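What you see is a predicted model; the values in this text were computed from it and never measured. Values below: all heavy atoms of this structure, side chains included; hydrogens, waters and symmetry mates excluded.
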Amino acid sequence: MNIKLKKRLLFILGFFTFFTICLISRIAWIQFVNGQEYQQKAFEQQTSNRTISPKRGTIYDRNMEPLAVSGSVETISCSPQVIKKLSLDVDKISSDLSAILSMDKETIRKKLVKSSRYELIKKKVDKDIGSKVRQWKKDNEIDGIYIDEDTKRFYPNSNLAAHVVGFTNVDNDGLDGVEKIMDKYLKGVPGKILSEVDASGVELSMGQEQYIQPQDGNDVILTIDETIQYFAEKTLEKAISDNNVINGATAIVMDPRNGEILALTSKPDFDLNNPRAAPSGVDKTAWTGTSTEDVQYLQKTVWRNKAVVDTYEPGSTFKPVTASAGLEEGLVTPETQVTDATIKVGGWNIHCWKPNAHLHETFREGVYNSCNPVFVRLAQQLGISKFYSYIKAFGFYQKTGIDLPGEAISIIHTKPTEIDMCTASFGQRFQITPIQLIQAYGAIANGGELITPHVVKEVIDSSGNVIKKYEPNVVRRVISKQTSGTVVDILRGVVDVGTGKNARVPGYKIGGKTGTSETVASKDIVVQGKNKRYIVSFSAIAPTDNPSLCVLVVLDWPDVYSPGGGMLVAPVVGKLIDDILTYQGVEKEYTDEDKKLLQKEVQVPDVKGKTVEEAIKILKQNKLEYKIEGSNKDMKAVVQAQTPKSSALLNENSLVILYTYKPESEAKATVPDVKNKSVYEATQAFKAVGLNIRINGTGTAVSQDKEAGKVITKGTVVEVMFRNIVSD
């Protein structure tokens with residue numbers, strides 16, 4: 001064998017040896033290095049994988065009343081590969097499914113002919129529809145169409161606590177509220193259905209199907225009380241209607257002892273079952289609820305949680321913070337002599353709302369009368385550094401940390417001047433959120449500790465075991481217990497005899513402070529021809545001898561002639577506190593002054609068929625007065641009819657009209673105009689014409705539910721709203 005041939009053989013041998021080594025190396029690489037990856041790909045090629053949605057956890061109120069639940073629905077899907085291999089009639093399948101699912105036939109057909117293994121046809125289908133598809137599939141012996149269990153979110157109370165509960169998307173991901181914040185606990189882990197398939201994706205007739213059970217989400221229990229939330233929402237809706245509020249409102253109820261939010265509502269709101277619906281006043285023909293413009297509009301209006309994401313000037317509701325600082329530093333006591341005389345700061349004259357009217361008064365009276373100069377002088381005694389250190393201590397320079405999304409930060413002076421401090425002392429020229437203010441009032445009410453407000457109480461599993469418990473978080477001590485008690489006592493006087501007296505509820509000890517601030521109207525909400533934009537509010541503590549409630553109500557832009565927190569919001573808060581404490585079983589303790597304000601109701605007795613003399617005697621026994629209609633006023637005449645009818649409820653000393661004849665129609669009276677009259681004057685005016693009055697509040701008549709000049713039946717009850725004319 002010559003040298004040339006040997007070289008050629010050696011080259012061939014070397015080439016094959018090198019090739020063999022490379023081949024072995026590649027096999028080893030595939031087997032050992034990428035083995036898991038290819039194993040997974042083989043598994044995916046040999047199996048069909050369909051996801052089963054877990055049941056999202058329930059959201060409960062503090063009394064285990066469900067606020068958000070998951071119901072069973074089904075998902076319809078298909079395998080285009082299977083349909084193609086089996087040469088199924090795509091047009092017939094599309095037509096049949098279109099009729100059952102109420103979908104466009106062409107949309108379904110396009111999914112059936114795609115070159116993919118799996119296509120979703122429709123999610124969140126009701127169980128009865130899923131059953132129809134299942135029966136159709138069986139009757140027509142159709143393969144490649146799948147009906148799998150799924151869940152859908154339902155909200156049994158529609159819009160109740162909408163901004164707290166929040167909502168989810170079609171994939172059950174939390175998008176807002178607690179649904180978003182607690183998503184990791186609520187969501188659960190998806191399950192799967194694994195089926196063996198051939199290379200074309202068709203399920204093997206002898207293959208096995210593996211079902212991997214989904215892990216349902218945990219349940220979340222809130223601090224919200226469904227009943228108190230209902231009270232807050234209905235009270236706020238009435239306040240908005242009564243005062244023609246242009247830019248919405250908010251109400252918060254908190255337990256100051258632990259920071260638990262018992263109710264939080266923001267108006268306008270939305271139906272949690274249809275959060276993308278067109279808001280009131282929007283053209284529904286062009287509305288989709290999914291476009292960028294529509295979503296942005298929803299975020300600015302009905303989805304906006306004004307209690308957490310809006311900032312505003314608190315006005316005089318901030319004065320208790322300044323008072324707390326002055327009392328804590330020992331600069332004043334409740335009985336310290338002060339003056340409300342106009343004070344000049346930085347070229348600006350700062351007056352009391354009633355300039356120089358109160359003059360020398362105690363500090364307590366200065367708070368009762370809400371005199372701005374009193375607070376300006378106190379702030380000057382504190383000095384800029386000390387004053388703002390208290391603002392910071394009360395939490396106004398940071399977010400509260402409430403467990404709801406989108407909390408805004410306050411807008412407060414970073415390098416304050418003296419005039420900044422002086423205007424801030426009575427709540428002007430800086431902005432905070434409602435949740436920050438109620439947190440501060442919580443510290444004033446509970447003995448001086450700033451506690452983080454929160455809406456989540458605990459997380460539990462399906463067996464009721466506690467997964468996570470949310471304990472009260474004390475941020476810091478702000479003031480002493482002694483200062484706390486003093487400020488609460490002063491605030492009670494504000495309601496009893498000061499600018500907050502319209503919040504007074506006979507039997508309950510309430511303290512609070514009114515607030516009014518004028519602000520610039522946003523370009524988004526400018527309303528031509530309307531009054532200036534005011535924000536009016538009232539913040540309260542109750543009962544003052546053992547505080548268990550802090551309540552804040554804010555109305556943004558009431559379109560009324562005389563806007564003011566004391567006039568418009570104080571009675572709203574008083575009514576809300578009355579409802580809550582009554583519901584909680586807190587017994588009323590009436591003072592002598594309270595008893596004078598009480599309007600006892602009595603049931604009208606049936607005096608028809610009695611003589612006038614007998615009827616009068618019975619009415620007097622029930623503390624009711626009478627008026628006889630008819631020419632026969634003889635004491636022996638028989639009462640043929642009466643108004644109001646028996647069993648009706650009237651206040652004591654109301655009128656019952658007695659007829660000594662059978663009237664074809666009841667006697668009529670013209671409603672008098674009692675606006676600006678006292679309770680006594682209004683009562684006499686109604687009695688003079690034979691009408692009854694239901695007194696709402698104290699002070700001066702500001703409105704009546706039957707228009708003056710209207711002709712109505714004698715004996716009818718007309719409700720008249722009385723308010724103490726005060727300013728903030």
Side-chain angles (χ1 to χ4, degrees), residues 57-68 160-167 174 176-186 217-229 232-233 250-266 305-310 393-410 432-460 466-478 539 541 547-552 580 584:
T58 300
I59 298 176
Y60 294 101
D61 86 332
R62 66 188 302 112
N63 300 312
M64 299 304 290
E65 295 293 334
L67 300 176
L160 189 79
H163 294 93
V164 175
V165 176
F167 55 92
D176 202 1
V178 170
E179 292 277 31
K180 179 178 181 179
I181 294 296
M182 303 300 290
D183 191 60
K184 66 178 180 179
Y185 293 106
L186 292 162
N218 295 309
D219 299 331
V220 172
I221 302 173
L222 303 185
T223 62
I224 297 293
D225 186 305
E226 182 185 69
T227 301
I228 296 176
Q229 180 72 30
E233 298 209 4
T250 187
I252 310 172
V253 181
M254 185 184 78
D255 187 334
R257 299 169 296 185
N258 49 30
E260 292 184 355
I261 300 296
L262 304 177
L264 186 151
T265 181
S266 177
N305 186 353
K306 294 174 74 66
V308 173
V309 307
D310 275 10
F394 270 101
F396 292 110
Y397 272 92
Q398 63 194 46
K399 296 178 181 180
T400 65
I402 188 172
D403 41 2
L404 287 173
E407 183 178 5
I409 190 70
S410 55
I432 59 174
T433 60
I435 198 67
Q436 283 180 314
L437 185 66
I438 203 165
Q439 181 189 36
Y441 268 72
I444 292 171
N446 68 21
E449 292 183 332
L450 192 74
I451 300 178
T452 303
H454 60 286
V455 299
V456 178
K457 195 173 181 68
E458 56 189 24
V459 180
I460 60 173
V466 177
I467 305 296
K468 186 175 178 63
K469 192 175 182 66
Y470 292 81
E471 301 289 351
N473 175 42
V474 178
V475 181
R476 68 180 75 88
R477 174 164 287 281
V478 181
S539 195
I541 295 167
S548 61
L549 294 178
C550 284
V551 179
L552 172 63
I580 295 171
Q584 292 180 331

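In this structure, D176 CG and D183 CG are separated by 12.0 Å, a value rounded to the nearest 0.5 Å. Atoms CD1 and CE, on I460 and M64 in that order, are 4.0 Å from each other to the nearest 0.5 Å. Atoms CE and CG, from M254 and L552 in turn, are 10.0 Å apart once rounded to the nearest 0.5 Å. Once rounded to the nearest 0.5 Å, the distance linking CD1 of I224 with NZ of K457 reads 11.5 Å. E471 contributes atom CD, which lies 9.0 Å from atom CD of E458 (distance to the nearest 0.5 angstrom). Interatomic distance, OG1 of T400 versus CG of L437, reported as 12.0 Å (0.5 Å rounding).
Evaluation of the salt bridge (Lys or Arg N to Asp or Glu O under 4.0 Å) rule for K180 yields no partner, not counting sequence neighbours. For F394, there are no ring pair (Phe, Tyr, Trp, His ring centres under 6.0 Å) partners two or more places apart in sequence or in a different chain.
Residues I252 and P434 have side chains in contact (heavy-atom distance under 4.5 Å, counting atoms from C-beta outward). The closest side-chain heavy-atom distance from N63 to E226 is not below 4.5 Å. Counting heavy atoms from C-beta on, the side chains of Y470 and V459 come closer than 4.5 Å. For the pair V178 and V165, the minimum side-chain heavy-atom distance is 4.5 Å or more. Contact annotation: the side chain of L264 approaches that of N305 to within less than 4.5 Å [non-hydrogen atoms, C-beta and beyond]. Side-chain contact between L222 and V456 is present, with heavy atoms from C-beta onward closer than 4.5 Å. Side-chain atoms of I451 and P256, non-hydrogen and from C-beta on, never get closer than 4.5 Å to each other. When side chains are defined from C-beta on, L262 counts as touching Q584, because their heavy atoms get closer than 4.5 Å.
Remark: side-chain polar atoms of E65 are not paired, donor with acceptor, to backbone N or O of D225 under 3.5 angstrom. Judged purely by atom type and a 3.5 angstrom limit, E233 uses its side chain to pair as donor or acceptor with the backbone of A161.
Taking both residues in full, the closest heavy atoms of D403 and H454 are given as OD1-CA, 3.3 Å, listed atom of the first, atom of the second, then distance. Among all heavy-atom pairs drawn from I261 and I435, the shortest one is CD1-CD1, 4.1 Å. Here the closest heavy-atom approach between residue G406 and residue V309 is recorded as O-CG1, 2.9 Å. Considering every non-hydrogen atom in both T250 and A307, the closest pair reads OG1-CB, 3.2 Å. Closest of all the heavy-atom pairs between K306 and S266 is N-OG, 2.9 Å. Nearest heavy atoms, P405 versus I181: CD-CG1, 3.7 Å.
There is no side-chain donor-acceptor pair under 3.5 Å between T433 and E407.
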